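Heads up: the structure comes next, in structure tokens.
One-based numbering, in listed order, for ligands and for the atoms of each. These numbers were taken from a predicted model, which means no experiment stands behind them.
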Amino acid sequence: MLGSIYFMQEQGFFSENSNTSSIKIEDACFNFNTVSVLRDVSLNVEAGQSLALLGPSGCGKTTLLRSIAGLEKLKTGTISINNRVVSSSNTFVPPEDRRVGMVFQDGALFPHLSVAENVRFGLTNNPGRDNRVKNVLDMVGLAAMADRSPDNLSGGERQRVALARALAPEPSVLLLDEPFASLDASMRVQLRTEVRQLLGNLNITSLFVTHDQGEAFVLGDQIAVMKEGQILQVGEPNSIYEQPIDPWVAQFVGEANMLTGSTDNQRVITSLGAVPLSTQLDCAAGSSVDVLLRPECLEIQSGGNWLVSSVEFYGHDSMYQLKGDENKTLQVRSFTNLNYQTGDYVSVRYVGPPTIAYQSINS
Ligand code: ATP
């Protein structure tokens with residue numbers, strides 16, 4: 001377990017206003033040769049907040065993180081940390097003067113240094129240095145392993161050392177690039193929960209890069225969804241999940257059924273019946289739209305014209321794949337053991353909260 005958070009605060013490990021910086025990115029553009037990697041990216045992370053930058057591989061997440069850290073130089077646009085411009089057309093503050101801590105996917109520890117020496121590495125040579133190393137290792141639950149070599153640590157322990165090393169110099173913001181990607185599934189879940197709690201208690205501003213939506217939901221006070229160098233949507237996890245801005249975001253942040261229907265006031269009339277909408281669509285009554293139906297918002301009952309084509313049992317829930325008329329497909333998640341088998345016929349109804357719909361592509 002990550003350890004003595006309160007001890008760290010009582011000891012004044014983080015000075016009063018060292019951990020409350022904001023990050024502001026305005027119209028950031030970046031190219032690798034002729035390839036445009038960041039396209040007019042604007043983003044705010046408020047002081048003390050955690051933002052998860054979520055997007056598919058190659059969309060530019062790491063490049064944005066490296067630009068904030070000062071490891072890449074923007075083509076155009078501005079980056080400010082704590083209201084101080086660190087990157088613009090006429091300013092470039094070098095990485096070592098930005099007070100940014102970074103944790104990489106593989107930890108990037110120095111193999112020839114011990115755990116304590118790795119953490120001590122970035123600290124200036126002042127009398128409190130050893131005490132700080134001890135405190136920060138205690139905070140991540142590794143005080144007893146200070147003299148070990150990184151080679152003799154588990155993947156999770158190595159990432160804790162990387163976190164301790166990044167936190168030791170009292171960074172003004174913390175940037176984490178897929179910090180749990182190299183861990184096995186259970187360690188990943190455990191560590192992300194612990195890190196979330198730790199950073200929340202320290203009230204440090206943090207920006208996580210991930211392509212795992214579950215991780216983004218756990219770690220982000222806010223989530224920014226990125227695609228092909230652009231930010232598509234920023235919001236709290238529940239609003240990203242329930243009100244995705246377009247079908248692509250809907251499908252990227254979770255399992256999503258899209259069913260075509262026609263609008264009727266604040267409802268969509270579908271083959272499953274009327275589905276309530278959270279907002280009225282800006283289109284004429286009767287227009288063709290695609291409505292978002294999350295699998296857990298559907299309920300199945302015996303008898304009907306949907307064929308159960310497969311059942312996946314996950315222990316706590318099951319996912320039913322259904323086939324309907326005209327090759328329509330649906331996914332239904334059930335948290336109770338329904339005992340339907342492949343080959344059964346069922347009916348489906350919508351039982352979720354008001355949802356969202358989009359103008360049909362073919363309308
Ligand atoms: P991943 O999740 O796979 O790490 P990412 O979203 O972090 O991806 P980036 O690493 O920022 O994406 O890369 C964005 C784009 O820039 C990719 O198309 C990548 O191939 C390209 N790229 C990255 N580094 C370089 C480089 N040094 N030279 C040329 N192109 C690069």
Are [X] and [Y] close enough for a salt bridge, meaning some N to O gap below 4.0 Å?
| X | Y | answer |
| --- | --- | --- |
| D177 | K61 | no |
| R99 | E170 | no |
| K227 | D246 | no |
| E255 | R294 | no |

* Asked: What do we get for E178 next to ligand 1 when only non-hydrogen atoms under 4.0 Å count, side chain, backbone, both or neither?
  ->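 The side chain, only.
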message: Using a plain distance cutoff, I'd like to know if F32 has any nitrogen or oxygen under 3.5 Å from a nitrogen or oxygen of ligand 1.
response: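 Not met; the criterion fails.
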Min N/O separation V37 to ligand 1 under 3.5 Å
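No, V37 has no N/O under 3.5 Å of an N/O on ligand 1.
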| field | Pairwise side chain to side chain donor-acceptor pair (under 3.5 Å) hits with a residue in residues 31-55, at least two apart | value |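 Output for this query lists D27-S42.
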(message) With side chain to side chain donor-acceptor pair (under 3.5 Å) as the rule and sequence neighbours excluded, what pairs involving residues 266-280 come up?
(response)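 Listed by first then second residue: Q243-S278, D264-R267.
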[atom]: the protein heavy-atom neighbour that sits closest, reported with distance to 0.1 Å:
| atom | result |
| --- | --- |
| atom 2 (O) of ligand 1 | K61 NZ, 2.8 Å |
| atom 12 (O) of ligand 1 | G60 N, 3.3 Å |
| atom 15 (C) of ligand 1 | G58 O, 3.7 Å |
| atom 13 (O) of ligand 1 | T63 OG1, 3.8 Å |

Discussion item. Nearest non-hydrogen contact with atom 1 (P) of ligand 1 belongs to which option: S36, S57, G55?
Written reply: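 Ranked by closest heavy atom to atom 1 (P) of ligand 1, first place is S57.
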Run down the list T62, V209, D177 and name the one with the heavy atom closest to atom 4 (O) of ligand 1.
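Result: the heavy atom closest to atom 4 (O) of ligand 1 is in T62.
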Under the criterion side chain to side chain donor-acceptor pair (under 3.5 Å), which of R192, Q190, R196 is the partner of E194?
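The option that passes is Q190.
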Q. Is atom 19 (C) of ligand 1 less than 4.0 angstrom from some protein heavy atom?
A.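 So atom 19 (C) of ligand 1 lacks protein heavy-atom neighbours under 4.0 Å.
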Closer than 4.0 Å: a protein non-hydrogen atom to atom 10 (O) of ligand 1
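So far as the 4.0 Å threshold goes, atom 10 (O) of ligand 1 is in reach of a protein heavy atom.
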With rounding to the nearest 0.5 angstrom, report the CG to NZ distance, L259 to K328.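 Rounded to the nearest 0.5 Å, the CG-NZ separation comes to 6.0 Å.
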| task | Work out whether the distance between some heavy atom of P56 and some atom of ligand 1 is less than 4.0 Å. | result |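 A heavy atom of P56 does come that close to ligand 1.
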